[in-house]
Amino acid sequence: MSRIEIASVSKTYDNGVAALKPITVDIAAGSFVVLLGPSGAGKSTLLRTLNGLETPSTGEVRIDGEVLGRANLRAMRARIGMVFQQFNLVGRLNVMTNVLCGRLGKRSGLGSLFFLMRRSDLERGHAVLARVGLTDKAWERADRLSGGQQQRVGIGRALAQEPAVLLADEPVSNLDPATSREIMDLISDICRRDGVTTIVSLHQVELARRYADRVIGLNDGNVVFDGPVGDLTEEVLRRIYGDGEDGGEYGGEYGAEYGGEDEGGHGGDVADA
Ligand code: ADP
């Protein structure tokens, strides 16, 4: 379990876009936090800042009191699992190899070249595949799987790291509603059962209501709401999404927007890009 402190963190990109205004948030170890906000609100930037993919323009990120910085980036990142909207698998490689990529942060130099040969890694890989429900897919090409299965591989890759923190950037935006709930059940179970501090950005308010302990609402780089899911009122949703004549981005039914049907093979497209 890890506590995450975001202390006056802002991010202005080189092109001058102020994606995050100074943000201060303290996330309790083991909690399940959902980031909500319209496209461009800064959700992705915040998540990327938390695992060191972006450097804050001001402020600092602390994980268990340790400031994330250049010197400890590799060691800190090894403790942070990341799950992506597009799964980010290597489509031509099999499921096990994709999962074991999550172990690379634990190796250095020559060790990482031979990581596949380590029995302990393979055992971990099998345990992870059992956990994400893909035992029978270990040796299949990742791009032959359905979208939901590919996201399970993405989660498996994060679990192979034995993470203290799990970050997921719109992990269900490419999945149908039923599959979305299965994936969210899995992420939630990892948080609750393993005590992994979890931050997930979502488009669907309905899923935030179902899974979050705490919701952070972003709009134009500012935190416009921070509270328990029970406080997510209509007024709060308007604050997060704006009035939008068409009912706001969250839509009249708060999250009927699931981003289309299950797209099997998408990870392969990403890998080929
Ligand atoms: P969200 O995840 O909520 O959609 P993002 O964090 O992706 O929001 O984007 C926040 C703002 O930062 C947007 O205006 C976006 O165009 C801009 N942005 C995101 N990434 C970059 C980048 N690498 N370079 C410049 N601007 C970026």
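As the structure lists them, so they are numbered: ligands from 1, and atoms in each ligand from 1. Side-chain atoms are counted along with the backbone in the values below, which use heavy atoms only and exclude waters and symmetry mates.
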Using a 3.5 Å distance criterion without hydrogens, assess whether the side chain of Gln151 forms a donor-acceptor pair with backbone atoms of Gly148. no
Are Ile155 and Met82 in one and the same hydrophobic cluster, where Ile, Leu, Val, Met, Phe, Trp and Tyr link if side-chain heavy atoms are under 4.5 Å apart? no
Do any N/O atoms on Ala41 end up under 3.5 angstrom from N/O atoms on ligand 1? yes
When you measure from the side chain of Arg77 to the backbone of Gly52, do you find a donor-acceptor pair of N or O atoms at a distance under 3.5 Å? yes
Thr45-ligand 1 polar pair, N/O distance under 3.5 Å: yes
Less than 3.5 Å between some nitrogen or oxygen of Ala19 and one of ligand 1, yes or no? no
Protein heavy-atom partner closest to atom 3 (O) of ligand 1 - residue, atom, separation in Å: Lys43 NZ, 2.8 Å
Hey, is atom 21 (C) of ligand 1 under 4.0 Å from any protein heavy atom? yes
Is there a heavy atom in Pro38 that sits closer than 4.0 Å to ligand 1? yes
So does Ser2 get a backbone contact from the side chain of Arg79, meaning a donor-acceptor N/O pair under 3.5 Å? no
Using modelled atom types and a 3.5 Å cut-off, is there a donor and acceptor pairing between side-chain atoms of Arg103 and backbone atoms of Gln161? no
For ligand 1, which atoms sit closer than 4.0 Å to a heavy atom of Asn15? 25 (C), 26 (N)
Starting from atom 1 (P) of ligand 1, find the nearest protein heavy-atom neighbour and note its residue, name and distance. Gly40 N, 3.5 Å
Just by distance, with hydrogens left out, do Gln86 and Asn174 show a side-chain donor and acceptor under 3.5 Å apart? yes
Between Thr58 and Val9 (side chain of the first, backbone of the second, donor and acceptor by atom type, cut-off under 3.5 Å), is there such a pair? no
Atom 19 (C) of ligand 1 - nearest protein heavy atom and its distance: Tyr13 CE1, 3.5 Å
Under 3.5 Å donor-acceptor, Tyr211 side chain and Ile187 backbone: no
Distance to 0.1 Å, residue and atom name: give those for the protein heavy atom nearest to atom 14 (O) of ligand 1. Val17 CG1, 3.7 Å
Determine, counting only non-hydrogen atoms of the protein, whether one lies under 4.0 angstrom from atom 16 (O) of ligand 1. no
For the 3.5 Å polar cut-off, considering only N or O atoms, please tell me whether Ser39 and ligand 1 meet it. no
Examine ligand 1 and decide if any of its atoms is less than 4.0 Å from a heavy atom belonging to Gly42. yes
Around atom 2 (O) of ligand 1, find the nearest protein heavy atom and jot down its residue, atom name and distance. Ser44 N, 2.8 Å
Does Lys11 reach the main-chain N or O of Thr55 with its side chain, forming a donor-acceptor pair under 3.5 Å? yes
